[in-house]
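Written out below as C-alpha cells is the structure these notes cover.
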Amino acid sequence: MKRSNVNSTVQANAHNLAQENGVNDFLPLGNLEKAIKEIVEQPLPLVDGIEDQLVEFSEAMRTVGKVLREAAEAKAAAQAEATEWKHKYELEREKNLQLEQKGPTFAENPGNFEQKVGGSDSIEHLAIEPETGEKSQRCCGENGICSHEVLRDRGPDSYPNIHSKITRKASFKLKWCSKSKKDDQHKHDIVSFEKGNITTAERSSKQISLKWETPPQTVLILTKPNSTSVKILCAEMVSWLKEKRSMNIFVEPRVRNELLEESSYFNFAQSWIDDKEMWHLHEVVDLVVTLGGDGTVLWAASKFKGPVPPIVPFSLGSLGFMTPFYSERYKECLKSILEGPISITLRHRLQCHVIREGSENENENEGPILVLNEVTIDRGISSFLTNLECYSDNSFVTTVQGDGLILSTTSGSTAYSLAAGGSMVHPQVPGILFTPICPHSLSFRPLILPEHVTLRIQVPLNSRGHAWASFDGKDRKQLAPGDALVCSMAAWPVPTACRGDSTSDFLHSIHDGLHWNLRRTQSFDGPRES
Ligand SMILES: NC(=O)c1ccc[n+]([C@@H]2O[C@H](COP(=O)([O-])OP(=O)(O)OC[C@H]3O[C@@H](n4cnc5c(N)ncnc54)[C@H](O)[C@@H]3O)[C@@H](O)[C@H]2O)c1
Ligand SMILES: Nc1ncnc2c1ncn2[C@@H]1O[C@H](COP(=O)(O)OP(=O)(O)OP(=O)(O)O)[C@@H](O)[C@H]1O
C-alpha cells in the first residue's frame with residue numbers, strides 16, 4: 001500500500017473515531033493532531049507487515065478517540081458549571097436588589113408593618129420575603145417555599161396599574177401531609193445515617209396542602225381566546241367574584257376590552273399596559289384562575305418568570321390533563337379554594353438558555369425561558385436528520401440522530417413526550433425526561449434523569465442542517481451549528497390546585513383523558529385452572 005493511501009486511511013479513521021466518540025472538528029485538537037501526524041509520518045515497514053501496522057494504527061486511533069471524548073466532556077463540564085454559576089449569580093443579584101429596596105421586615109418591626117399595610121387603601125410596592133433570611137436557609141434552602149412568607153412594604157411604586165386599589169397580598173403556609181402520621185411536617189432530613197444505619201424519610205407519600213393565613217383578595221383570570229363559552233363564563237365569574245367575594249380582579253388587556261364592550265359595569269376589572277408591568281403581577285396576585293384547556297395553563301405559567309401564585313384551572317378544552325375543575329360548578333369550587341386549605345401539585349419547570357456559538361460569556365445570550373411541559377429540539381422544516389450532541393453535567397450522554405429530542409418535566413410526560421414513546425410520570429416526581437423523537441437507531445430508549453443535572457444539547461459545527469428549539473410548543477428559535485441549549489430544573493415551580501389530591505387527579509386524568517389501559521374485563525365463564 002502506498003504511503004499516501006495509508007495516510008488518508010489513517011486520517012479518515014481518526015475522523016470517524018472522533019465522530020463515533022461524540023467529538024467534532026470544532027474541538028481544540030492542537031496537540032492531538034500533532035500526535036496523529038507523528039504516527040502517520042513514521043517510516044513505513046516492509047509491505048508484508050502492513051496489516052499489523054494498520055491494526056496498530058487503529059488501536060492508536062481508538063486511544064486518540066478516547067482522549068478527544070474526554071476533552072469534549074471537560075468542555076461540557078466547564079460550560080455546565082458556567083451556566084450553574086450564572087444562575088446562582090442571577091438569584092443572588094435578585095435577592096440583593098430586593099434587600100436594597102426593602103424597608104424593615106415584619107419580623108424586625110411588626111407594628112410598623114401592620115400600620116403601613118393595613119392602614120392604607122392603596123398600598124405601596126409589596127414584596128414577599130421569608131420570615132427571616134436565616135430561618136429560610138435552614139428550612140428549605142435558598143429558594144425554598146416551605147417557610148412562612150410575610151409581606152413587606154417595599155417603598156414607592158413604579159407600576160401604578162397593577163398596584164392600584166389593592167390592599168395587600170395574602171400570605172399562606174404550605175404543609176406536607178404524610179399518610180402515616182397526620183400531623184407530620186415536611187421532613188428535611190431525607191436520608192439519615194444514625195448509628196451507621198441508612199434510612200430514608202417518607203417523601204413520595206406526602207401531599208402538599210396550602211393554608212391561607214390571610215384571606216386572598218386578588219385574582220388574575222386568564223382565558224382561552226376566541227371562545228364564546230369562555231367569554232360568557234369569564235364575565236359571570238368576574239361579576240360573582242366582585243359582588244359576592246369583594247375580590248380585586250385582573251384580566252388580560254384583550255379580556256378587559258371584551259368585557260367593556262359588553263358593559264361599562266366591568267370598569268373595575270384591572271389590567272396592565274406592557275410586559276414590564278405584567279412581570280410584576282406575582283407581587284399582587286394571590287390566585288390565578290384559568291378558563292380553557294391545558295394550553296391555557298401553559299400560557300398562565302409562561303406569564304410568571306419567577307414565583308407563580310397558585311393556579312386554579314377550570315376545564316373548557318377537550319383533554320384537560322391539568323384542568324381538574326368543572327366550570328359548571330365554579331362558585332362552589334372557588335368558595336372552597338378561597339377558604340382553603342387547598343391540596344396542590346407543585347409542578348416542576350425547566351429553565352432553558354440558548355447559547356450562541358462564539359458568545360464569550362453567557363450574558364451575551366438571550367434570557368432564560370421557563371417551560372412547564374417541555375423544550376423540544378427538532379429538525380423543523382429541514383429534511384436532514386438532526387444531529388445533536390447531549391451532555392449531562394460533565395458526562396457525554398449520546399448523539400441524537402433522528403427527528404429530534406424532547407426534554408420534558410414530569411408534568412409534560414403526558415404531552416409530547418408520551419406521543420414520542422416516553423413514560424408517563426406522576427407530576428410530583430422530580431426528574432427530567434430525555435425522550436428522542438423518531439431516533440434512527442434500534443436501541444434508543446427514553447431516559448429519566450435526576451432533577452439536579454444540567455443538560456447541554458449541542459448542535460455540532462459539522463451538522464448538515466439547523467435545529468429548532470420550541471418551548472411548550474411555542475416560541476421557535478433556530479439553533480445554528482455551534483449553538484447549544486442548556487437546560488436545568490428551575491427554582492420556581494407552578495402550584496396547581498387539585499380537585500382531590502395530586503395522585504387521584506393524575507390517575508383520573510390518565511383514565512379519563514387517555515383511556516389508559518382500558519380493556520373489557522374477561523368474562524367469568526370459560527376454562528379454569530383445575
Ligand atoms: N405529537 C404530539 O403529541 C404533540 C405535538 C406537538 C405539541 N404537543 C404538545 O402540545 C403542548 C402545547 O399545548 P397547547 O394546548 O398549547 O397546544 P395544542 O392546542 O396543539 O394542544 C396540544 C394537546 O396536548 C395536550 N396537552 C398539553 N399539555 C399536556 C399535558 N401536560 N399532559 C397531557 N396533555 C397535554 C392538550 O390538552 C392538547 O390536547 C406542547 O407542550 C406539547 O407537549 C404534542
Ligand atoms: N390567554 C391566552 N392568550 C393567548 N393564547 C392563549 C391564551 N390561553 C390559551 N392560549 C393558547 O390557545 C391555544 C388553545 O388553548 P387550550 O389548549 O387551552 O384550548 P383547547 O385547544 O380548546 O384545549 P384542548 O387542547 O384541551 O382541546 C393554546 O395554544 C394556548 O397557548
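For ligands, and for the atoms within them, numbers begin at 1 and follow the listed sequence. Predicted model, so just to flag it, every value in this text is computed and none were measured.
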Donor-acceptor contact present, side-chain Ser423 to main-chain Val425, <3.5 Å: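 Such a contact is absent between Ser423 side chain and Val425 backbone.
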Lys/Arg-Asp/Glu bridge criterion (N-O < 4.0 Å) met for Glu258, Arg254: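 Judged by the 4.0 Å cut-off on N to carboxylate O distance, Glu258 and Arg254 do form a salt bridge.
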Lys/Arg N to Asp/Glu carboxylate O, Glu236 vs Lys331, below 4.0 Å: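 No.
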Ring-face cation of Lys303 near Trp299 (centre distance under 6.0 Å, axis angle within 45°):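 Because its charged atom sits under 6.0 Å from the ring centre and within 45° of the axis, Lys303 does stack over Trp299.
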Per-atom contacts of ligand 1 with Ala419, taking only distances under 4.0 Å to non-hydrogen atoms: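 Heavy-atom distances to Ala419 below 4.0 Å select 1 (N), 2 (C), 3 (O).
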Proximal ligand 1 atoms for Asp472, defined as those under 4.0 Å from one of its heavy atoms: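 Reading through ligand 1 atom by atom, the close ones are 12 (C), 40 (C), 41 (O).
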Which segment of Val297 sits under 4.0 Å of ligand 2 when only heavy atoms are counted: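 Contact part for Val297 vs ligand 2: neither.
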Heavy atom of the protein closest to [atom] (residue, atom name, distance):
atom: atom 36 (C) of ligand 1; result: Asp294 OD2, 3.6 Å
atom: atom 23 (O) of ligand 2; result: Gly317 CA, 3.5 Å
atom: atom 29 (O) of ligand 2; result: Lys474 NZ, 2.9 Å
atom: atom 1 (N) of ligand 2; result: Thr223 O, 2.7 Å
atom: atom 27 (O) of ligand 2; result: Ser318 OG, 2.5 Å
atom: atom 12 (O) of ligand 2; result: Pro225 CD, 4.2 Å
atom: atom 22 (O) of ligand 2; result: Lys224 NZ, 2.7 Å

Polar atom proximity, Glu374 to ligand 1 (N or O, under 3.5 Å):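 Yes, Glu374 has an N/O under 3.5 Å of an N/O on ligand 1.
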Exercise: do Asn373 and Arg349 side chains pair donor with acceptor under 3.5 Å: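 No, Arg349 and Asn373 have no side-chain donor paired with an acceptor closer than 3.5 Å.
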Non-hydrogen atom of Leu298 closer than 4.0 Å to ligand 2: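 Leu298 does not count as a contact of ligand 2 under the 4.0 Å cut-off.
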Residue-ligand contact Leu222/ligand 2, heavy atom below 4.0 Å: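 Leu222: no contact with ligand 2 (<4.0 Å).
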Gly317 to ligand 1, any heavy atom closer than 4.0 Å: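 Gly317 does not count as a contact of ligand 1 under the 4.0 Å cut-off.
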If you scan the protein for heavy atoms around [atom], do you find one that is closer than 4.0 Å?
atom: atom 4 (C) of ligand 2; value: yes
atom: atom 10 (N) of ligand 2; value: yes
atom: atom 22 (C) of ligand 1; value: no

Identity of the nearest option to atom 8 (N) of ligand 1, non-hydrogen atoms only, from Tyr416, Phe321, Phe471: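 Result: the heavy atom closest to atom 8 (N) of ligand 1 is in Tyr416.
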Per atom 18 (O) of ligand 2, closest listed option by heavy atom (Thr296, Val230, Val251):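 Checking each option, the heavy atom nearest atom 18 (O) of ligand 2 is found in Thr296.
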Contact check: Gly295 vs ligand 2, nitrogen or oxygen atoms, below 3.5 angstrom: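 In this structure, Gly295 places an N or O atom under 3.5 Å from an N or O of ligand 2.
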Candidates Thr296, Thr323, Ile221 - the one meeting side-chain contact (heavy atoms from CB on, under 4.5 Å) with Leu291: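 Among Thr296, Thr323, Ile221, the one that satisfies the side-chain contact (heavy atoms from CB on, under 4.5 Å) with Leu291 is Ile221.
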Whether His282 and His280 hold their rings parallel, tilted or perpendicular, with breakpoints at 30° and 60°: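 Parallel: the ring planes of His282 and His280 meet at under 30°.
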